[in-house]
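Here the structure comes first, spelled out in structure tokens, and everything after it is commentary.
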Amino acid sequence: MITANTIAEVRSQVLAWRKEGYSIGLVPTMGYLHEGHASLVDEAVKQCDKVVASVFVNPTQFGPGEDLETYPRDFEHDCRLLEEHGCSMVFHPEVAEMYFEDAATYVEIQSDMPKQLCGKTRPIHFRGVCTVVSKLFNIVCPDKAFFGQKDAQQLAIIRKMVRDLSYGIEIVGCPIIREEDGLAKSSRNTYLSPEERKAALILSKSIFLGQKMAQEGEKDAGRIVEAMIRNIETEPLARIDYVSAVDGITMMPVSSMEGTVLFAMAVYIGKTRLIDNFDYNVNTHLP
């Protein structure tokens with residue numbers, strides 16, 4: 001596996017691959033990789049000849065008081081995992097390589113879409129995400145890019161950005177990977193104490209409760225959300241940021257079960273903010 005630290009290195013290698021007729025897949029990450037990230041690489045390897053993974057903790061998507069400085073990092077571990085799963089090149093730039101000191105250009109969706117869900121309490125987050133992903137697209141020029149469905153709002157926003165800016169890139173969403181006990185894989189799970197790790201199961205338990213209600217034919221999305229909230233509130237260590245039902249494409253709030261409905265949550269377990277979700281396509285579950 002090639003390790004590249006500069007934009008020029010990546011572009012040179014991708015150009016060489018293009019001359020050989022290879023297709024290129026991109027897996028953008030912030031590192032501290034786990035089985036969820038590995039599943040993205042696995043899918044990229046299946047669909048593309050060469051796979052580039054980025055490992056970059058992007059400062060522009062962190063707001064004041066968030067965990068930019070303490071975000072877990074282990075590049076050696078990341079490289080081992082990537083190589084084991086068939087990644088062709090890892091791009092690991094310094095902040096100065098990605099952002100000029102006087103950088104003043106951002107990519108931002110000017111609608112209510114990024115203001116929903118996580119955007120309510122993280123107002124600059126998706127501007128930072130769109131900006132860094134746009135830069136990675138311009139650097140790597142992939143045929144396909146692979147993102148996890150755990151970050152469902154991010155995935156929807158990137159799909160819209162790609163459509164609106166006419167990127168010729170296919171965005172591939174990959175399923176949530178969970179621990180054996182149901183907790184969604186996340187780099188932030190490492191923040192949890194043993195007691196908090198046990199308490200964090202309330203997220204997936206509430207997700208499974210909501211799924212069960214939807215599968216059993218509940219037509220009122222609000223009732224599903226209320227039941228999920230009540231369930232989370234039984235855990236003393238949990239503090240809800242949001243639990244919401246939104247349209248799976250626009251991310252705007254919905255009250256009834258029509259089309260694809262995304263049920264998403266962000267919950268603090270102690271000081272650690274965790275997210276989880278499920279979507280339900282009514283049309284594919286009609287009797």
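Because the structure is a prediction, the values reported are computed rather than measured. Residues take their numbers from the sequence shown, with the count starting at 1.
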Report task. Could you check R80 against D74 for salt bridge (Lys or Arg N to Asp or Glu O under 4.0 Å), going step by step and ending with a plain yes or no? Result -> CA-CA 10 Å; R80 288 195 300 271; D74 188 343; 5.3 Å; no
Query raised in the report: With no hydrogens and no angle check, do the side chains of T190 and Y32 hold a donor and an acceptor under 3.5 Å apart?
Result: no
Requested in this report: Dump the intermediate steps for side chain to side chain contact (heavy atoms under 4.5 Å, CB included) on M113 and I157, then the final yes or no.
Outcome: CA-CA 7 Å; M113 185 181 192; I157 285 171; 4.1 Å; yes
Query - Matching residue for M89 among V14, V51, V140 - test: side chain to side chain contact (heavy atoms under 4.5 Å, CB included) - result: V14
Query raised in the report: Pick one: which of K271, R188, R273, R122 meets salt bridge (charged side-chain N to carboxylate O under 4.0 Å, His left out) with E66?
Result: R122
Query raised in the report: Could you go step by step and tell me if Y71 and N58 meet the side-chain hydrogen bond (donor to acceptor under 3.5 Å, both in side chains) rule?
Result: CA-CA 10 Å; Y71 193 85; N58 175 41; over 6 Å; no
Requested in this report: Applying side chain to side chain contact (heavy atoms under 4.5 Å, CB included), run through M213 and Y280 and close with a yes or a no.
Outcome: CA-CA 11 Å; M213 291 179 68; Y280 189 83; over 6 Å; no
Requested in this report: For the residue pair F137 and F147, categorise the inter-ring angle as parallel (less than 30°), tilted (30 to 60°) or perpendicular (more than 60°).
Outcome: perpendicular
Query raised in the report: Is it true that the side chains of D279 and T260 contain a donor and an acceptor less than 3.5 Å apart?
Result: no
Requested in this report: Please report the C-alpha distance between R178 and D276 in whole Å, then the side-chain angles of each, then the deciding distance to 0.1 Å, and finally whether the side chain to side chain contact (heavy atoms under 4.5 Å, CB included) criterion is met.
Outcome: CA-CA 10 Å; R178 298 184 180 277; D276 206 342; 2.8 Å; yes
Query - Connected via hydrophobic side-chain network under 4.5 Å: I24 and I7 - result: yes
Requested in this report: Before giving the answer on side-chain hydrogen bond (donor to acceptor under 3.5 Å, both in side chains), spell out for D143 and S23 the whole-Å C-alpha distance, their side-chain angles and the decisive distance to 0.1 Å.
Outcome: CA-CA 6 Å; D143 299 285; S23 60; 4.8 Å; no
Query raised in the report: So, S193 and E195: side-chain donor and acceptor under 3.5 Å apart, yes or no?
Result: no
Requested in this report: Mark yes or no for whether Q153, through its side chain, and C118, through its backbone, hold a donor-acceptor pair below 3.5 Å.
Outcome: yes
Report task. Applying side chain to side chain contact (heavy atoms under 4.5 Å, CB included), run through V27 and H37 and close with a yes or a no. Result -> CA-CA 8 Å; V27 180; H37 299 104; 5.9 Å; no
Query raised in the report: Side chains of Q47 and E43: donor-acceptor distance under 3.5 Å anywhere?
Result: yes
